[in-house]
Amino acid sequence: MYYLRSYELTQCSTTENVSNFNLSSTQLSTPLISIESVANEIKQCCSLIVPTFEALQRAARLISTAAIMAADYRMNAMHRQYPNLAVSQLYKWTFQSSDSEYQEHESQYHELENAIARLEKDLERAQHEYVSSDRKSNGEEPILERTVSKRAQKETMLSIASDLADAQEALTLLHKNGGSANNVHQRNAVRLLNLCRTNGGVYVKVGQHLANLDLLLPEEYIQTLSSLFDDAPASTYSDVCEVVKEELGLPPEDLFNDFSTEPFASASLAQVHTAKCKTTGKKLAIKVQHKGLRDTSKGDLLAMATVVRVADKLFDEFNFGWICEELTPQLPKELDFINEGKNAEVAAAHLSKTGLDCVVPRVLWKFTNHRVLTMEFEEGFRATDVDRMEKAGIKRGDVAKLISSVFNSQIFQNGFVHCDPHEANVLLREHPRKSGKPQIVLVDHGLYKKLDADFREAYARLWKGILVADIEGIKTACKSLGVTKMYPLLAAMLTSRPFDEVIERSQTRSFDASQISGSDKSGGDKAVIRGYAQRYIKEIISMLDIVPR
């Protein structure tokens with residue numbers, strides 16, 4: 001072992017000085033800095049260079065994509081308003097396709113786009129009048145006259161919403177026939193999808209969050225980004241082997257039999273490989289975290305938060321900073337697979353007590369660590385796959401009842417709730433002992449929320465109020481949850497139905513909402529809720545800060 005010491009050798013410029021430089025036995029036996037420690041520090045610093053450079057590359061791609069999307073939307077709005085300007089022609093040449101079929105239907109595109117913009121403004125105005133008429137009323141207007149006026153306002157609002165839904169459907173169909181590249185939403189949705197796939201990791205997670213915001217984002221974004229649930233980028237097999245060896249001490253082939261070189265499934269934070277247990281021969285699912293994700297996730301979130309803050313200031317209609325705020329404290333929990341394994345065991349223990357037909361894969365702790373999670377493999381298909389459901393002879397009504405019962409039991413009974421129940425995490429199969437009956441396989445237990453007793457009681461009272469159309473009960477329950485003025489919006493968000501139906505059921509004393517809605521199409525109802533959601537987006541975000549989610 002060699003040692004470096006901070007002796008003052010500058011004074012020893014001659015042989016005599018060196019010979020006169022006396023070292024005590026204590027000095028000789030006490031090294032200050034070892035060469036090995038210095039080498040390790042240098043190695044550690046060097047190991048950060050590549051991840052840092054890659055993080056900067058991802059940030060640069062994020063900034064450039066955001067800038068192109070912003071320019072496309074700005075130019076598109078200008079092109080619709082001033083189609084004959086030179087800048088509009090430049091926009092057509094830069095962003096839009098020269099496809100002959102598009103050129104043939106260009107006037108129809110512009111007509112529908114302008115009609116949608118006009119109808120969106122009309123719906124916003126109609127909703128404002130409908131909502132504010134109650135506040136303007138001084139109580140002196142006769143009840144019958146006020147009721148007739150209110151119903152007329154509602155019919156106007158629903159008529160506009162229905163026309164808006166028709167126009168949006170017609171534009172979507174025209175884009176499918178004439179080339180989706182000329183749809184500004186579709187173009188930017190594809191850009192965002194490509195960014196998520198190229199950058200991977202946290203970016204895929206954010207894309208999946210966006211794909212669930214069907215009341216806030218255009219349909220093109222929902223359809224395009226939903227592919228991230230199925231087709232997330234996968235790590236190379238060599239990276240998988242490296243992570244497994246770092247976490248479990250041995251490469252996969254030494255731990256398992258028939259470890260698959262290709263992933264069975266790939267998600268935003270990890271991918272799943274199949275294998276067989278060397279001892280029992282049972283089929284296993286091994287979840288392996290993407291290499292380097294734990295180290296780079298914080299930097300990626302910081303980069304996204306910075307871009308989002310800039311977008312918030314530049315665009316009044318952009319209000320999605322809460323997504324980064326939501327992910328930042330939760331991501332470390334999802335990246336710790338020991339935490340996920342413990343969550344799975346708690347969930348399994350609760351569900352076994354309920355008697356519900358739901359299975360949680362058993363964790364094998366011998367082969368589990370912070371970045372590798374090994375479970376028994378459970379067969380299943382997505383609970384949204386209607387074709388597989390029908391082939392298995394499973395009734396959709398039974399599936400809906402079972403899914404709602406599973407999550408209601410977590411919310412109202414146990415208070416320990418699975419917080420990522422998207423279609424890839426709720427699997428379905430025919431019950432092995434009950435012919436024609438469904439059984440759920442619940443996977444991905446990385447993110448859970450603990451609800452206290454007071455919240456569960458208030459939330460139960462809120463749902464009871466919605467079901468029996470008890471307006472005062474809804475108000476009281478929402479107040480217990482910290483929501484006062486925005487109680488109609490919270491109820492509408494929970495049910496995905498206009499709150500007007502609750503009001504009318506409270507007047508008719510009916511439990512059936514099917515005869516209440518003035519719109520004969522689900523598209524019209526969705527347009528109404530989407531209009532409210534987009535109008536009150538800032539209030540929704542404030543409300544979400546109050547209500548546990």
Side-chain angles (χ1 to χ4, degrees), residues 200-202 204-205 208 228-297 331-349 358-382 418 420-429 440-448:
V202 176
V204 174
K205 194 73 177 176
Q208 290 175 343
L228 292 172
F229 292 123
D230 307 306
D231 190 23
S235 296
T236 63
Y237 182 64
S238 60
D239 284 347
V240 169
C241 292
E242 188 175 335
V243 172
V244 171
K245 188 173 182 180
E246 287 176 0
E247 292 296 310
L248 302 181
L250 292 170
E253 58 269 20
D254 292 344
L255 296 167
F256 311 101
N257 288 333
D258 301 331
F259 189 92
S260 62
T261 56
E262 295 295 324
F264 172 78
S266 184
S268 56
L269 307 182
Q271 60 193 54
V272 178
H273 291 257
T274 58
K276 289 184 179 177
C277 179
K278 283 182 176 289
T279 306
T280 65
K282 281 188 175 181
K283 189 175 182 180
L284 305 176
I286 297 97
K287 183 176 180 179
V288 183
Q289 192 173 119
H290 295 309
K291 180 185 173 183
L293 182 59
R294 184 173 57 184
D295 300 322
T296 61
S297 58
L331 194 61
K333 299 176 185 177
E334 291 191 80
L335 291 174
D336 183 0
F337 290 172
I338 291 179
N339 176 66
E340 179 173 346
K342 291 177 179 177
N343 288 345
E345 289 189 334
V346 173
C358 181
V359 173
V360 175
R362 188 172 74 88
V363 177
L364 277 67
W365 287 107
K366 182 180 178 181
F367 305 110
T368 294
N369 209 334
H370 293 288
R371 292 188 294 162
V372 177
L373 174 64
T374 303
M375 305 157 283
E376 291 184 351
F377 188 91
E378 297 286 351
E379 298 285 351
F381 57 88
R382 295 189 177 203
H418 190 301
D420 198 15
H422 61 70
E423 57 190 44
N425 290 339
V426 183
L427 306 180
L428 189 67
R429 65 189 182 193
I440 287 174
V441 179
L442 192 60
V443 300
D444 196 350
H445 300 269
L447 188 59
Y448 267 70

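This one's a predicted model, so the numbers in the text were calculated from it and none came from an experiment. We're numbering straight along the sequence, starting at 1.
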List in chain and number order the residues that pass side chain to side chain contact (heavy atoms under 4.5 Å, CB included) with Asn369, two or more places apart in sequence or in another chain; answer none if no residue qualifies.
-> Glu247, Leu248, Ile338
ring-ring contact (aromatic ring centres under 6.0 Å, His included) pairs, two or more places apart, involving residues 264-286 | Phe259-His273, Phe264-Phe377
Pairwise side-chain contact, Val204 with Pro233, heavy-atom cut-off 4.5 Å (strictly under) = yes
Could you tell me which non-hydrogen atom of Asn343 sits nearest to which non-hydrogen atom of Gly446, and how far apart they are?
-> ND2-O, 3.7 Å
Correct closest heavy-atom pair for Val360 and Ala348 would be CB-CB, 3.8 Å
Those residues that, when tested against Asp254, pass side chain to side chain donor-acceptor pair (under 3.5 Å) (two or more places apart) = none
Partners passing ring pair (Phe, Tyr, Trp, His ring centres under 6.0 Å) against Tyr448 (at least two apart in sequence or in another chain) = Phe416, His418, His445
Does the side chain of Leu428 come within less than 4.5 Å of Ile440's, by heavy atoms?
-> yes
Quick one: does Glu378's side chain get under 4.5 Å of Arg429's, heavy atoms only?
-> yes
Salt bridge (charged side-chain N to carboxylate O under 4.0 Å, His left out) with Glu345: which residues, sequence neighbours excluded?
-> none
Using atom types as modelled and distance alone, determine if a side-chain donor or acceptor of Thr368 lies under 3.5 Å from a backbone N or O of Thr374.
-> yes
CG (Leu335) and CZ (Arg371) are apart, to the nearest 0.5 Å, by 10.5 Å
Those residues that, when tested against Lys278, pass side chain to side chain donor-acceptor pair (under 3.5 Å) (two or more places apart) = Asn257
Could you list the residues that satisfy ring pair (Phe, Tyr, Trp, His ring centres under 6.0 Å) with His422, not counting sequence neighbours?
-> Phe229
Give, for atom NZ of Lys282 and atom CG of Leu284, the distance between the pair rounded to the nearest 0.5 Å.
-> 9.0 Å
What closest approach, in Å, do Val243 and Val288 show between heavy atoms, and which atom pair accounts for it?
-> CG1-CG1, 3.8 Å
From Arg294 CZ over to His370 NE2, what is the distance, rounded to the nearest 0.5 angstrom?
-> 7.5 Å
Minimum heavy-atom separation for Gly201 to Leu293, with atom names?
-> CA-CD1, 3.7 Å
Asp336: partners by salt bridge (charged side-chain N to carboxylate O under 4.0 Å, His left out), with sequence neighbours left out | none
Under the salt bridge (charged side-chain N to carboxylate O under 4.0 Å, His left out) test, residues paired with Lys245 that sit two or more places apart = none
To the nearest 0.5 Å, tell me how far Asp444 CG sits from Ser268 OG.
-> 8.0 Å
Under the side chain to side chain donor-acceptor pair (under 3.5 Å) rule, collect the residues that match up with Ser235, sequence neighbours excluded.
-> His290
Listed partners of Asp239 passing side chain to side chain donor-acceptor pair (under 3.5 Å), at least two apart | Thr236
Between Ile286 and Thr274, what is the shortest heavy-atom contact and its length?
-> CD1-C, 4.3 Å
Contact summary for Pro361 and Met375, nearest pair of heavy atoms = CB-CB, 4.0 Å
Partners of Glu262 by salt bridge (charged side-chain N to carboxylate O under 4.0 Å, His left out), sequence neighbours excluded?
-> none
To the nearest 0.5 Å, atom CD of Gln289 lies from atom OG of Ser297 at 8.0 Å
Nearest-0.5 Å distance that lies between atom CG in Leu447 and atom CG in Asn339 | 9.0 Å
